[in-house]
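First comes the structure, then the notes that go with it.
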2 protein chains.
Amino acid sequence: MSKVDIGKKILTANEQYALANSRLLAEQKKLCLNFISSPGSGKTTILAKTIRDLAGKIRIGVIEGDIQTDIDAQRIMASGAPAVQINTNGACHLSASQVSSALESLPLRNLDLIFIENVGNLVCPTAFELGESFKVVVLSVAEGDDKPAKYPAIFAKSRVLLINKIDLPASQIDFDIEKVKAETRKLNHGIEIFPISARTGEGMNEWYEWLLNTAKQLV
Amino acid sequence: MSKVDIGKKILTANEQYALANSRLLAEQKKLCLNFISSPGSGKTTILAKTIRDLAGKIRIGVIEGDIQTDIDAQRIMASGAPAVQINTNGACHLSASQVSSALESLPLRNLDLIFIENVGNLVCPTAFELGESFKVVVLSVAEGDDKPAKYPAIFAKSRVLLINKIDLPASQIDFDIEKVKAETRKLNHGIEIFPISARTGEGMNEWYEWLLNTAKQLV
């Protein structure tokens, strides 16, 4: 007589790939961060600057997700890190199976930290686990301070919030940073929040410190 | 013997609702614009300013799409126009059936122009026709000038591109407006492009002129 274990959760194909990615990264002790934001919040600029500034301190590889073009992977490689471009050809988010293939193309053994730059979209990528260690949500001050209230899911699920472009003149921007911090913490008590400007470098050291400490804890 | 008409295109449920909305709007000679952009490009600010500045010249109603909250509908109603809020509860785009219900809630006979503000997302809303007359894509200069190349579908399908926040200081923004115009026109030869600042009012008159002329042609 065969026995069916009805207590066992049936995984979707995406969840199965995500679980396999997560196991691979855990076995090899790699920190993997999935960056999610709207188009134009500055993800690629943040990653390229982080790679340049942390050269010699931590070995970083990047998986670039875009609907079309390899503009972002080119920018990352120019900063000195290996990068793999995934083109989703219209799809609004990366899938765990795409990340699984990309992980095979990266020189994983020579890396400590993997950045995944998801497709620019504050909504859909939130619902697809990739097997990452943590999600990082990026919000540019130019986008306005009502975004945690209007798009709560990603603010609730992320380990880190990077508030970017803080060099833009406050007089021309409707952005109350204390409101954003308070509304984000209402959704996610333990989230780390770093106000930064990837352009001027302001605030980046606190972000680097968190990154290096978090990667060290895995080793 | 029954006969199957294999030449007839089978419409999806969304396409059927979109067709019904389109017929209703055409019969009643209403111009209906579907605004699509990333979160924080300034859609609501543009709509609220347009409503205030064109008061007495054209009668505008608004359908507001958001994942959660009625922040945007409140802002629109404060500007003096009737507004209906649709909350998608997590969905990344408006559907034509939601717009169909919203059109029933608006005082349609007393309006000339309907603005639909889609969910903040440059990707998914592009694929769902709502029955609108035209799509309008909004791009803020803070988002960067590579967006037509990276998200071509919405630039190819739109009747108008509004390039917003042109008051932000050029020295702090990587945005070559001529490059954006050229790349957009490569995808869409006939698109109207208006560089504007909904904050300072710069460039808004050209947009208003297009809006009033286009609405007039329907009557």
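Since this is a predicted model, take the numbers as computed values, not measurements. Residue numbers begin at 1 in each chain, while the letters A, B, ... track the order of the sequences.
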Filtered by a 4.5 Å non-hydrogen cutoff, the part of residues 185-206 of chain B contacting chain A is B:Arg199
Closest heavy-atom pair, A:Glu143 versus B:Pro39, reported as atoms and distance to 0.1 Å, is CG-O, 3.8 Å
Taking every heavy atom of A:Val123 against every heavy atom of B:Cys92, the minimum-distance pair comes out as CG1-CB, 3.6 Å
Residue part contacting chain A, namely of [X], when any heavy atom lies under 4.5 Å:
| X | answer |
| --- | --- |
| B:Ala149 | both |
| B:Asn87 | neither |
| B:Lys150 | both |
| B:Ser140 | neither |

Max heavy-atom pairs within cutoff under 4.5 Å with chain B, candidates A:Gly120, A:Ala127, A:Ala153, goes to A:Gly120
Greatest number of non-hydrogen atom pairs under 4.5 angstrom with chain B, of A:Asp72, A:Val141, A:Asp146, A:Val119, falls to A:Asp72
Expected contact set for residues 157-179 of chain A against chain B at heavy-atom separation under 4.5 Å reads A:Lys165, A:Asp167, A:Leu168, A:Pro169, A:Ser171, A:Gln172, A:Ile173, A:Asp174
Across all chains, not counting sequence neighbours, the salt bridge (charged side-chain N to carboxylate O under 4.0 Å, His left out) partners of A:Asp53 are A:Lys49
TODO: Report, as yes or no, whether the 6.0 Å neighbourhood of atom CD on B:Gln16 holds more than 12 heavy atoms from other residues, nucleotides or ligands.
DONE: yes
Rounded to the nearest 0.5 Å, the OG1 atom of A:Thr69 sits from the OH atom of B:Tyr151 at a distance of 8.5 Å
Do the non-hydrogen side-chain atoms of B:Ser38 and A:Leu122 ever get within less than 4.5 Å of each other? no
Sorted by chain and residue number, the side-chain hydrogen bond (donor to acceptor under 3.5 Å, both in side chains) partners of B:Lys43 (sequence neighbours excluded) come out as B:Ser37
